[in-house]
Amino acid sequence: MLIFERSKPGRVNAPQAPLTEQACDDIPQQFRRKQRAALPEVSEMQAVRHYTRLSQQNFSIDTHFYPLGSCTMKYNPRGCNTLSMLPGFLQRHPQSPANLSQGFFACMYELQEILKEVTGMQAVSLAPMAGAQGEFAGVAMIRAYHKANNDEGRTEILVPDAAHGTNPATATMCNYKVKEIPTNAEGDVDLETLKQLVGPHTAGIMLTNPSTLGVFERHIQEIADIVHQAGGLLYYDGANLNAILGKVKPGDMGFDVIHMNLHKTFSTPHGGGGPGAGPVGVSKRLEPFLPVPLVARVKDEYHLLTEKDRPQSMGQLSAFMGNAGVLLRAYVYARMLGREGMQRVAEYATLNANYMMALMARAGFDLAYPGRRATHEFIVSLKKQARELGVNAMDFAKRLLDYGFHAPTTYFPLLVPECLLIEPTETEDKTVLDGFVEVMQKIAEEAKHDPEKLKGAPYTMPVRRLDDIKAAKELDLAWNG
Amino acid sequence: MLIFERSKPGRVNAPQAPLTEQACDDIPQQFRRKQRAALPEVSEMQAVRHYTRLSQQNFSIDTHFYPLGSCTMKYNPRGCNTLSMLPGFLQRHPQSPANLSQGFFACMYELQEILKEVTGMQAVSLAPMAGAQGEFAGVAMIRAYHKANNDEGRTEILVPDAAHGTNPATATMCNYKVKEIPTNAEGDVDLETLKQLVGPHTAGIMLTNPSTLGVFERHIQEIADIVHQAGGLLYYDGANLNAILGKVKPGDMGFDVIHMNLHKTFSTPHGGGGPGAGPVGVSKRLEPFLPVPLVARVKDEYHLLTEKDRPQSMGQLSAFMGNAGVLLRAYVYARMLGREGMQRVAEYATLNANYMMALMARAGFDLAYPGRRATHEFIVSLKKQARELGVNAMDFAKRLLDYGFHAPTTYFPLLVPECLLIEPTETEDKTVLDGFVEVMQKIAEEAKHDPEKLKGAPYTMPVRRLDDIKAAKELDLAWNG
Amino acid sequence: MPFIPHTDDEVREMLETIGVDSIDDLFDEIPAGLTAATAGRIPQGINEMEISRIMHERAGQDARTLCFAGGGAYEHHIPAAVWEITTRGEFYTAYTPYQAEASQGTLQLLYEYQTMMTRLTAMDISNASLYDGASALAEAVLMAVRANRKSKSKRILVPRTLHPAYRKVAHTIVHNQGIVLQELEYDPQGGHLDPACLPADPGDVTALVIPQPNFFGVLEEVDRLTDWAHAHNILVIAVVNPIALALLTPPGEWGEKGADIVCGEGQPLGAPLSSGGPYFGFMCCRKEFVRQMPGRIIGRTTDLEGKPGYTLTLQAREQHIRRSKATSNICTNQGLLVTAATIYMALLGPQGLERVAASSHANTRRLVEKLGAIKGVSKVFERPYFHEAVFRFDLPLEDILRALSVQGIVGGVRLTEDYPELGNCLLVCATETKTEADLDTLAEALQRISLRLQANRCPVQPKMA
Amino acid sequence: MPFIPHTDDEVREMLETIGVDSIDDLFDEIPAGLTAATAGRIPQGINEMEISRIMHERAGQDARTLCFAGGGAYEHHIPAAVWEITTRGEFYTAYTPYQAEASQGTLQLLYEYQTMMTRLTAMDISNASLYDGASALAEAVLMAVRANRKSKSKRILVPRTLHPAYRKVAHTIVHNQGIVLQELEYDPQGGHLDPACLPADPGDVTALVIPQPNFFGVLEEVDRLTDWAHAHNILVIAVVNPIALALLTPPGEWGEKGADIVCGEGQPLGAPLSSGGPYFGFMCCRKEFVRQMPGRIIGRTTDLEGKPGYTLTLQAREQHIRRSKATSNICTNQGLLVTAATIYMALLGPQGLERVAASSHANTRRLVEKLGAIKGVSKVFERPYFHEAVFRFDLPLEDILRALSVQGIVGGVRLTEDYPELGNCLLVCATETKTEADLDTLAEALQRISLRLQANRCPVQPKMA
Ligand SMILES: Cc1ncc(COP(=O)(O)O)c(C=O)c1O
Ligand SMILES: Cc1ncc(COP(=O)(O)O)c(C=O)c1O
């Protein structure tokens, strides 16, 4: 039932409305709304009950194992939420003067420093509001750099075919042409093709390392050399930073610019879609182009650097300073981990993934890259099952829900047919991983004996399998009841 | 699965433990624990996930209609929680000096004043921690009063047979003998018997008005006269205050002492069993006996009155000053309602109950007191269904759960066979009440055609019907896995 | 209308269905003289925004103190997860789990709580909470009177080292039934109940109350006291701090046979100081006394299909069934606090709890050293203690505490009223929440204040000679 | 180990299963030179208690200000229920609802949100959020370029009355694609874009951006501007404040045909000020442009049994399907803020929202009167406005703001940098959260400060004659 179906005309939730009506007769009639917007008219309890019950229809980290590859669904410490929601932080206006902002600025400054250190970059801006915006900032900086060097013939960005969709989409937004680089059978970038594609048109390359295939790009240093020698820059998509946090620094690999998804590696919550934060880090030569604002410290006082201080900045990305509340959460998390804790993140995320990969292989599932180590995630292909039994990755995914596990990422990356990209994260314990593999085995059995069972799944969710095609064909995007 | 079953030896939730181990070698070995207590060893996420999922197995006001008679399950405004949990309130030590307590004391003082005014009593103490403790305080004050008057031959307390179990139990705790007074066919106290029972042994009478039968005691003034003339005092069980809040004052009815269940009428949450708060109000003559502490105001400063200031006090009921956090919630609620709002509580609670009663009668259910107005609750008897169809009140109750409604109170009061005591409260809207009656009708149909269906209910809860007899016979009160 | 969802149309329809003209008609059975109530002195209703402002201001008034008071209420770090989960609507707004099938969340949690408490105390049985530590002791006394069939005296021995408020509350609640709490003096050096001073033949005594640690923070000779009591058919009621139990011998292992009834204040397990409540009282006992236990108890059983589930059990002890013969009048308890405590214990685990206890104790030890170095301040008792200690001040305590409070410091709990014989004494506690800097803040403030008071007290007097 | 549940035994078993000796072996494919990273400058880990202390202190440093700044971020009362529900684990820790059947909570809520936004704006379609108001405008510009098939110019008219940061952000994001934002001057008396000044023949223009109210709080002639644009095949992008829409004509009803694309900052709907984020950008459009819409969209559909349900739809617009040809690169959006906004709107309802708007405006009007009475302070623009107004100060604004801040008052948003031609100007806003006393506090503080500055400025000069 929709909230609108609970609405009754004339109902007012009095405790939430200012008590007196105000005439506003100074606003001429021509500017005034003729009719009230048909928002729901419900009591406070109706709203609370409605949304509390809706919430219960979700899977989430706080209720389920959620091994969604590339998404790093790890535990979001409750302390990060509570401490970022302290009244002093919530009430601060973005334009508050610096003398009323030192507490907040201190957190932001220290977060910049932590991110610099753990990534091995020269400078960090916290401005981007998600990974994709970080990518935008990064590629726009590459563009600004070439422009500043009067090197504007560089019109292409190289992107491996395994890359996340935001990479090519971002390149386009920055007006670059996208050149795809194929992946070889072992999951590494095809170096020969790379060498052919690279050249004076190359503005840069966008790489995810470990890649979205769940393997570490072994020739990263060679790639860096090839691209750099051609005059291009290297962009690091930090979505998979969890795999190497505190162990390997993108700066050491030769990257010029990186973004980090704090809502992955730094455990800020995904919130059913967002918000996130996508800080960018850069090497020395890109520093002048960083997005503003930045937090600077002079003696023991903090202040913001804006366009005025940073004339070459690629610009401002939000009305104020990005997703501050998310940054606070990441700061709290980073301080709780500390330097040793970060390294452990990478280690145990990797341990969990390799352990699950070993179990899955034993259970008879085909690995996409059986000869390789898993990083923090790995890929299983259900091509065989699809061919032999007529059940596909989606059927497995839906059936998993019935067993109380969120499905892994399906059909991404596109390279591997019928793939499941599985990322357990470091915060899950062995029992859960064992349980998941057992259930996968059970489903594989079901697929053999009763494939229709899988096709009809899920059975225990609030709805049965939804008709996506109808949704796109008979568009119903707003209630008109 | 129990939290203990998720435990693994050696697991530590590091962010919640002080970082360093301390030797404490000054505490001699003879006093020391030999072995750690076998508490669960789980990660923070395991605990969060476990208890989040457990919570989802509950019905609650925030998720379900909960028409539990005598319990006043109304909406618990979220603002009351948020505002009572502000750091300044949570951090205050109960022994903080008065100059660091003025904010908190102000709330308590004003709450005392509000409760005095809305009940028409002379003075109020916030000390009791629940209704039953309020009852204890009240009856102990009656005892102290008679003692102060050297009138110690009064050894009996009169209690109507419809009374809540806490009434006779309380009388016993105060060393009184309990005399039961029968209820007449119309739900009023049997005046003739009362007159016979009352006498020089009578210390007082405990009355609930409206009574637990869902009717207002019409002869209350006569009862008051009878008891007072015999030298007894009148105790008002305020569990049903919601029915008359702001409309009728117990003080005006002639009561000498009352308790209020703030967790009912003042909408503090029930918390799955508590905490509550049971402030007591008294007439002039009982004022010296009030439990301590009390909050007093001198000029614009607040301070606590203790036994020293109140030598005749019946005493102290808790180590400090009762359920302060609950009192804060009630204060916030009372301020939001204001005087008009309180009256409306009684009016709409009564409207809802009478409306449901009318619907239930139309739907063919037998009312316990068909000739009477409902107060804020009313009783349906399923005696007929039990006799004719072999399904009882418990079967109806369990089946209701399957339809998404919490059951009304069953088998209380004990007077009415196969009873359902239904209290909708003022915060539910008509659609919900209509829905409930419809479902009751549906169940009545099921009872006719498929009584086994009811006997087997519920079907959709986390467990099927539980074996209470086994629970009591084969006691398993702690996990020994 | 605040929290009332009715529209005018609905009210009209509902009145029609009932068959009356107005809501007021529904009150027509109430004698006319009674319904004319007004409540003019109650302020008009305000909205959430306005009350928010008031509450923020008032909370702000009392906030940000540095607190060294304990005395039965202790400031421990509470993991954020505890109250974020505890206040979820499903826990926060549920009733007592009378419909077990629709309350498995609360019921299973309570069963887990009972298990944790039995393990912490090394007892067989735990109930699902009482109001607070003090009233729990009162219930324990009543229970002992029921349980000790060999004793007819209703005489309970209570050492003066027990929390004074506990003694008062117990008296308030039990004295009407002719139960006598007989106080036992403490050893002035040790600050404990000296077992050597116990009578060889105590006569008919129902129970002995043993606090551990006692109100002064001092550790009692629990083994010897327990054995002495049992030797004389006296039941032992232990009053313990649950955090301390992470380090100290659990009452179930005191002496030869262990304590019979255990109770205490649950606050240290996840409840904020919150001006003294809501907290919760816990109570555990030996198996043979389970039917004398007051309060709710949850049992594990099975459903129609044999699946395990949880339900209220042994309700025949309770007021709603047994009425005037119930073990107690308690009905509403402190369920939500138990929810917090259960989550707290799960989050801390055995090792975490032990570290909290040890770290609190270590901080207090450091504080003892620092304060001991101040002139005019001396530690009073010499026996082993846990995380709390008594100091005597040469200067007037009231002035010192007032001066501290002006700096936002709550210096401790004053003992003068309840223990006049001790003189100017203060009970001081530093839990794991205190840093070295905090300890120094208190020590330095005391030093400064002492010097100032000293100076004021003996104004430089013109030398006569 | 913080947030890592592994016991030593488990690690051993797992390594055995994998067939390696140590965790380090799992990193053996990484070139050796790379794995030697250290991060020595990152502080050691601390526990929740310790970071709590730090955060409480820092939050305390910036707390308890009285804020009259608006300028795109407004302090409204947020019902307690909003964030208590929004931060429930099931909303807070869920991912983007890719598995629709396991995400009906989020999906239905988003569908309700979309419905609310279409009703508030009187548009056909809403997406499920963008990052913030400024970046939403950038996306709207890109969308207009895609949608306006009749225009080839990529020329967008942007009045200078639009929020300066929005102009900057839009430029940052769109300029690489050769899109030009051409600024239009405002009327210096009215503080608005005067429709009379628009060219009769603007040439090939892709879109006109119309803010309502504009950055100065002034109301634009939205009907005439919209009709002018449409007459020249120019798409209209409305930038609106959602709270203002409770009072003002919704963009879907501007002029003859209504705006084409609507976007804005969602913060006023339930998001705390929170230093500028996370907020959310909303975007609505006419039905015919739905396939040009960036960001996620939720559709209602049915399941295998015909029961209604909700799912992500039109994903072919998005980067994960369309890659380099997507309508935008956006992936993660601001879902949790939309959750809060949806609950906020449900709790307020149409009448509540109207009262918030009206009461904010009434407060600002009162403030305008009070400030207008101060010497050296004058209101700058004369046209109708909504809940925000520009004041010019005779004295140096910087000094005034500094003096206010020392008293914990955030006086407003300085316009000097972005509008140097206006001189010493401040944008001031008083929402419904301000009491009469608050308004007086500001007015009196300004009065006092002015007098003092005045005095300092003209030190009593010794009269020469
Ligand atoms: C590999 C990769 N790159 C980029 C992104 C985009 O990040 P965001 O969703 O924060 O915009 C993601 C996240 O989904 C990702 O997995
Ligand atoms: C009529 C009546 N009296 C007394 C009580 C006891 O109140 P409490 O549960 O707060 O102790 C109740 C509550 O259950 C009740 O309904």
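Basis for what follows: all heavy atoms, side chains included, without hydrogens, waters or symmetry-related copies. In what follows, every chain begins at residue 1, and chains take the letters A, B, ... in the order their sequences are listed.
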Checklist entry - Does the B:R78 side chain pair with the main chain of D:A80, one donor and one acceptor, at a distance under 3.5 Å? => result no
Item to check | Residue part contacting chain D, namely of B:P77, when any heavy atom lies under 4.5 Å | outcome: neither
Next on the checklist: What part of D:E84 gets within 4.5 angstrom of chain B, counting heavy atoms only: side chain, backbone, both, or neither?
Outcome noted: side chain
Checklist entry - Between D:P79 and chain B, which part of the residue has a heavy atom less than 4.5 Å away: side chain, backbone, both or neither? => result neither
Next on the checklist: So, taking the atom named CG in B:D62 and the one named CZ in D:R88, what distance separates them when rounded to the nearest 0.5 Å?
Outcome noted: 8.0 Å
Item to check | Top contributor to chain B interface from D:M1, D:M49, D:E48, D:E10 [non-hydrogen pairs under 4.5 Å] | outcome: D:E48
Next on the checklist: Please report the interatomic distance NE2(D:H56) to CD(B:Q91), rounded to the nearest 0.5 Å.
Outcome noted: 6.5 Å
Checklist entry - Within a radius of less than 6.0 Å around CD of B:Q35, do more than 12 heavy atoms belonging to other residues, nucleotides or ligands occur? => result no
Item to check | When B:S43, B:P15, B:P9 are compared by non-hydrogen pairs under 4.5 Å with chain D, the top option | outcome: B:P15
Next on the checklist: side-chain contact (heavy atoms from CB on, under 4.5 Å), that's the test. Do D:F3 and B:E44 meet it? Break it down for me.
Outcome noted: CA-CA 7 Å; D:F3 312 120; B:E44 183 158 323; 4.0 Å; yes
Next on the checklist: Rounded at 0.5 Å granularity, tell me how far CD in B:Q56 sits from CD in D:E90.
Outcome noted: 4.5 Å
